[in-house]
Amino acid sequence: MALADSFDSSPAYAFKVTIDGIEIPKVTEVTGLKNEVDKIELKQQLADGKYVARQLIGRAKTGEFTVTRGLTESKTISDWLKVVMNGDVAGARKNASVELLDYEGGTLKKYEFRNCWVRSVEINSLKAGATEQATEKFTVCFDESEVT
């Protein structure tokens, strides 16, 4: 689905996160959406004595992204971390995606991540008299990514 016209752009609040096809509820922020490749520097001396420096395309890099969500009774993410900490590599690997949506909820762009595992889970600061919601922040590492 496209935006209404070429002057429109996607709102930053319109996105959804799924892990193994299950949408994560109450997500408030996603950071670190990045695809990257290594850079190879080639420096050489040509036959005529001229020095040449070039940059070549290297291999795709692995990466990570961070999701912040409102704290609920769900233990899905902390249970996932427990699987990782117990060394169950096969059980820890999941696929994830982050979809950027238009104003009507249609997908504008989708980041797909393969062979993901959760690296850390963190609860925000808890303080008496606070007026903000409690949140859970978790970092997901991935081996491969694709943007569609």
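Every value quoted in this text rests on a predicted model; they were computed, and no experiment measured them.
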Exercise. What's the verdict on side chain to side chain contact (heavy atoms under 4.5 Å, CB included) for Thr68 and Glu136, showing C-alpha distance, side-chain angles and the deciding distance?
Worked result: CA-CA 6 Å; Thr68 304; Glu136 176 179 61; over 6 Å; no
If you compare all heavy atoms of [X] against all heavy atoms of [Y], which two are closest, and at what distance to 0.1 Å?
{"X": "Phe15", "Y": "Glu29", "answer": "CZ-N, 4.1 Å"}
{"X": "Cys116", "Y": "Val140", "answer": "CB-CG1, 3.6 Å"}
{"X": "Val83", "Y": "Ala92", "answer": "CG1-N, 3.7 Å"}

For this session: Classify the side-chain pair Ser97/Thr18 by whether it contains a donor and acceptor separated by less than 3.5 Å.
Result: yes
Exercise. If we ignore angles and hydrogens, is there a donor and acceptor under 3.5 Å between the side chains of Ser74 and Thr72?
Worked result: no
Problem set entry | side-chain hydrogen bond (donor to acceptor under 3.5 Å, both in side chains) partner of Arg93, the single match among Asp143, Asn115, Asp20, Asp88 | Asp143
For this session: Answer yes or no: is there a donor N or O on one side and an acceptor on the other, between the side chain of Thr107 and the main chain of Lys109, under 3.5 Å?
Result: no
Is there a path of hydrophobic side-chain contacts, each under 4.5 Å between heavy atoms of I, L, V, M, F, W or Y residues, that connects [X] with [Y]?
{"X": "Met85", "Y": "Val121", "result": "yes"}
{"X": "Ile57", "Y": "Leu42", "result": "no"}
{"X": "Leu126", "Y": "Leu71", "result": "yes"}
{"X": "Val147", "Y": "Val17", "result": "yes"}

Spatial distance of atom [atom1] ([X]) from atom [atom2] ([Y]) [nearest 0.5 Å]:
{"X": "Lys50", "Y": "Gln44", "atom1": "NZ", "atom2": "CD", "value": "11.0 Å"}
{"X": "Thr135", "Y": "Arg69", "atom1": "OG1", "atom2": "CZ", "value": "10.5 Å"}
{"X": "Asn124", "Y": "Gln133", "atom1": "CG", "atom2": "CD", "value": "8.0 Å"}
{"X": "Lys16", "Y": "Leu100", "atom1": "NZ", "atom2": "CG", "value": "11.5 Å"}
{"X": "Ser145", "Y": "Lys61", "atom1": "OG", "atom2": "NZ", "value": "12.5 Å"}
{"X": "Leu81", "Y": "Thr76", "atom1": "CG", "atom2": "OG1", "value": "13.0 Å"}

Side-chain contact test, heavy atoms from C-beta onward, threshold under 4.5 Å: evaluate it for [X] versus [Y] and give yes or no.
{"X": "Leu101", "Y": "Leu108", "result": "no"}
{"X": "Lys94", "Y": "Trp80", "result": "yes"}
{"X": "Ser120", "Y": "Phe138", "result": "no"}
{"X": "Ile24", "Y": "Val27", "result": "yes"}
{"X": "Thr148", "Y": "Glu112", "result": "yes"}

Exercise. For Glu144, what residues pass the salt bridge (charged side-chain N to carboxylate O under 4.0 Å, His left out) criterion, not counting sequence neighbours?
Worked result: Arg114
Problem set entry | Residues Lys127, Glu132; criterion side chain to side chain contact (heavy atoms under 4.5 Å, CB included); working and verdict | CA-CA 10 Å; Lys127 48 191 165 185; Glu132 66 271 0; 3.4 Å; yes
For this session: Starting from the C-alpha separation in whole Å, work towards a yes-or-no answer on side chain to side chain contact (heavy atoms under 4.5 Å, CB included) for Thr139 and Thr66.
Result: CA-CA 4 Å; Thr139 301; Thr66 302; 3.3 Å; yes
Exercise. Salt bridge check: are Glu122 and Lys137 linked by an N-O gap of less than 4.0 Å?
Worked result: no
Exercise. Looking at Glu64 and Arg119, does any basic side-chain N land under 4.0 Å from a carboxylate oxygen?
Worked result: yes
For this session: Considering only Ile, Leu, Val, Met, Phe, Trp and Tyr, and joining two whenever side-chain heavy atoms are under 4.5 Å apart, list the other residues clustered with Leu46.
Result: Val52
Problem set entry | With Thr31 via side-chain hydrogen bond (donor to acceptor under 3.5 Å, both in side chains) - residues at least two apart | none
For this session: Assign the ring pair Phe65 / Phe142 to parallel, tilted or perpendicular, where the plane angle (0 to 90°) is split at 30° and 60°.
Result: tilted
Exercise. Can Phe113 and Leu33 be said to form a side chain to side chain contact (heavy atoms under 4.5 Å, CB included), step by step?
Worked result: CA-CA 10 Å; Phe113 305 100; Leu33 293 178; 3.7 Å; yes
